[in-house]
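The structure appears right after this line, and notes come after that.
The basis for the numbers below is simple: all heavy atoms, side chains too, and nothing from hydrogens, waters or symmetry mates. Only a predicted model underlies this, so the values are computations on that prediction, with no experimental measurement involved. Start at 1 and go down the list; that is how both ligands and their atoms are numbered.
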Amino acid sequence: MIKEIYASQVFTDKTMKEYVSPAHIEEYHRCIETGKSLPMETANAIADGMKKWAVKMGATHYTHWFQPLNGGTAEKHESFIEPDGEGSVIMEFSGKELVKGEPDASSFPSGGLRATFEARGYSAWDPTSYAFINDGSLCIPTMFFSYSGESLDKKTPLLRSMQALNKQAVRVLRHLGDNQTKSVTPMAGAEQEYFLIDKDMYVLREDLRICGRTLFGSKPPKTQELDDHYFGSIKPRVSAFMKDLETELWKLGVPAKTKHNEVAPSQHEMAPIYSDCNRANDQNQLTMNIMRRVADRHNLVCVLAEKPFDGVNGSGKHNNWSIVTDRGENLFSPGKTPAQNARFLTFLAAFIGAVDDYQDLLRCSVAYAGNDNRLGGNEAPPAIISVFIGDELQAVVSSIVTDSNYSGTDVKPIKVGVDSMPLIPRDTTDRNRTSPIAFTGNKFEFRMPGSSQSIAGPNTMLNTMVAEKLRQIADAMDKGEDIHNIVRSELLNHARIIFNGNGYDKAWIEEAEKRGLSNLRTTADALPRYLTEKNVSLMEKHGVMSRTEMAARDEIHIEKYCSVISIEANTLMDMVRREIIPAVSLFESILCSTVAGRMQTLSADIPDVESALCRKLAVFNSSLSELVEELGKKLETAPPATDYKAAKYYREEVLSLMESIRKVVDEEEKLIPDKYWPYPSFRRLLFSV
Ligand code: ADP
Ligand code: MG
């Protein structure tokens, strides 16, 4: 059954063979390999085949499906119909329409790359990711760029970074004696965490609806303390959702593989089988989209925010990353022969060196308001970037770096290119869950990306950083330097980024500072590091982004950060003013009438609980009202969201005040019976399904 439905809604190579002639298919593959543009004749033939297939599958529309800089996806649907001149229509779709579209999407963030009077954005077909049918439309994965050719999306830099990595990695492989590998591809497998909340309950929370996360709420008596949810048995309603989700994903060719409960109540995870970064990114976008839609069918809401409930485990998107050759060899697999080990150690050293050199850039790639609520908490990676390699590999690295005997035995020091290494056992490498980047046997697991985030950005950075380090290594090899010395000096110079201890430990923060590692706690701290000369020159050198393209993104990041906080602050004020303060007052008045009644019937020597409670609530309410007025003023006097100072203002002035307000609200919530409290509590939200 899976075999029949799998990729049934995808225009795969196999499907293409049924609709397009072999000569055109050959031409199409040749163009992909050489990067040359498709002859119109071939484009027409493919477009016609796609249309015939899509119409047969019941599709009526097509759309250029692209990924604007807001991190989501966008589509503008056109129907296939063309008038036939006799009062009826025919279904048409030409090569021109396939290859280039003009969505005229002037309201997507472009960071000043397009003035609105020349608002046209153009999209160009990405033939390296399959077209698919979603909701009655043929979706054509596309890049999106401005009239003058600057990229306005997340896909274009990702594709460029994959090419950059390919180029440098092949250079290094040649030096290592590999004359057969034609190309290498960075691979990604994104584990997607999410919450499922009952829709009836969800709609009652203004904060969840508008901001995607709750802005207050006291912790329920039980959340994850008993560790009874992680990998626990899946409830029937959740299981029905998961089955439905898998079926939809399989039809779309998304290889959904693993599903399980996560740490927090109502939290779950879905992991697909990895694929090249570009497809993995497209598929992850599609996954988030389908998750929301399928949840709705089950009267559930799929919450993808990084930290929807304070005090409860947050959601991330672990990005597993590796480099694989066209012959299927994983360059991060420790091998069995000295040659394979030389290759493994070279790529390992390149990765470690790259992460150390560009730790700030990598940190920036996961910096946004939602992720700030999660990173650095005691269940998510710290904001400090480091790499965990595990004890076995550490022993190898130490032997190389210090020329000491491997593992303290009388075996001699390891010589890269001469010796083979002992086998690194796979499963022992995954134990450290506190590390932001862990080596897990044959890949690196980057755990900082947030659950709602596009993985395009983080992968673009990983690809480009490692490409640069490989370039340096290849250049050194061009000059005849010895591979052992190259690997050794990389590992020696970048030893500080390796950390195998507990990342949640307070002592690590001090230790990291001593090592000179960055600790960019919030987005407001990280953003100023994005546009440094070092980062701009990295991106320019490898043709991934121009300075202008980076500056545009910088502008968007700042603006987005400030506006997310501003929307949250306004929502919080609204909820407190219109619902919470009045609800507490109402309960106070009930307490007051109880007190009045009691004075007539009971003697005065019985302690009066109601008066005390009423007084407490009155004090909370009055400080709440003052704080909310203050927040209103802070928002009125906020600087325009155009520079780092504005981001800092929102972090220091607005967000911190929101945190103070939250504390008071949470105290009130603890004292008010559910029936007077205007919003469903965490207790009800988290145990609703
Ligand atoms: P776990 O992390 O739970 O041990 P796995 O290691 O099997 O589970 O896989 C987690 C994710 O990593 C999956 O999405 C998987 O497809 C992906 N993955 C596995 N191998 C690679 C690889 N070589 N490159 C990139 N991603 C990979
Ligand atoms: Mg994992």
Side-chain angles (χ1 to χ4, degrees), residues 6 158 161-162 165-166 169 181 183-194 230-232 242 245-246 249-250 252-263 267-288 290-291 313 315-335 340 343-344 347-348 350-351 355 380-381 387-390 392-393 424-449 451 453-456 458-463 466:
Y6 192 81
L158 177 62
S161 73
M162 290 168 72
L165 182 71
N166 172 44
T181 296
S183 63
V184 308
T185 308
M187 298 288 176
E191 304 167 45
Q192 178 70 53
E193 295 183 338
Y194 60 95
Y230 190 56
F231 283 22
M242 286 176 168
L245 173 68
E246 273 173 341
L249 292 176
W250 288 337
L252 286 162
V254 179
K257 172 87 173 156
T258 318
K259 54 182 178 187
H260 60 78
N261 285 350
E262 258 301 325
V263 176
Q267 193 188 29
H268 315 281
E269 181 183 298
M270 191 290 288
I273 296 172
Y274 67 97
S275 51
D276 71 79
C277 284
N278 180 37
R279 272 183 217 189
N281 173 44
D282 282 359
Q283 294 186 339
N284 182 253
Q285 287 292 346
L286 203 50
T287 298
M288 292 193 283
I290 302 293
M291 276 180 163
N313 195 60
S315 302
K317 178 141 51 193
H318 295 175
N319 185 78
N320 294 270
W321 187 87
S322 68
I323 312 175
V324 175
T325 69
D326 59 330
R327 299 187 300 151
E329 287 180 294
N330 180 342
L331 301 178
F332 290 126
S333 279
Q340 285 169 344
R343 187 179 73 189
F344 166 70
F347 281 86
L348 176 79
F351 184 88
V355 172
V387 181
F388 168 88
I389 58 171
E392 286 84 3
L393 196 50
I424 306 291
R426 244 205 92 165
D427 50 359
T428 54
T429 53
D430 196 25
R431 276 191 212 126
N432 192 329
R433 307 300 294 179
T434 68
S435 176
I437 308 175
F439 178 70
T440 51
N442 61 358
K443 63 189 191 303
F444 286 92
E445 183 170 336
F446 183 33
R447 296 173 176 145
M448 290 173 95
S451 46
Q453 169 173 22
S454 159
I455 58 166
N459 283 302
T460 300
M461 298 314 174
L462 284 172
N463 296 342
V466 175

Checking side-chain hydrogen bond (donor to acceptor under 3.5 Å, both in side chains) against Asn284, which of Gln192, Arg279, Gln453 comes through? Gln192
Under 4.0 Å from any heavy atom of Glu191, which atoms of ligand 1 are there? 2 (O), 10 (C), 11 (C)
Counting only nitrogen or oxygen atoms and a 3.5 angstrom limit, does Trp321 reach ligand 1? no
If we number the atoms of ligand 1 from 1 as shown, the ones under 4.0 Å from a heavy atom of Ile273 are 16 (O)
If we only count heavy atoms from C-beta on, is the Thr287 to Pro272 side-chain gap below 4.5 Å? no
Just going by heavy-atom distances, which of Asn319, Val324, Asn320 is nearest to atom 17 (C) of ligand 1? Asn320
Among Arg447, Met448, Met288, Glu191, find the one that has a side chain to side chain contact (heavy atoms under 4.5 Å, CB included) with Lys317. Met288
Using the side chain to side chain contact (heavy atoms under 4.5 Å, CB included) criterion, which residues pair with Gln283? Sequence neighbours excluded. Val254, Pro255, Ser275
Is it the case that the side chain of Thr181 and the backbone of Ser183 share a donor-acceptor pair, with hydrogens and angles ignored and the cut-off at 3.5 Å? no
If you measure every N or O of Pro272 against every N or O of ligand 1, does any of those distances drop under 3.5 Å? yes
Taking 4.0 angstrom as the limit and counting only heavy atoms of Ser322, give me the atoms of ligand 1 inside it, by number and element. 22 (C), 23 (N), 24 (N), 25 (C)
Can you name the side-chain hydrogen bond (donor to acceptor under 3.5 Å, both in side chains) partners of Asn459, sequence neighbours left out? Asn319
Minimum distance, heavy atoms only, to atom 9 (O) of ligand 1: which one of Lys443, Lys257, Glu445 is it? Lys443
Relative to the ring of Phe347, is the ring of Phe332 parallel (under 30°), tilted (30 to 60°) or perpendicular (over 60°)? perpendicular
Which bit of His318 gets closer than 4.0 Å to ligand 1, counting heavy atoms only: side chain, backbone, both or neither? neither
Find all atoms of ligand 1 within a distance of less than 4.0 Å from any non-hydrogen atom belonging to Asn330, and give their numbers and elements. 23 (N)
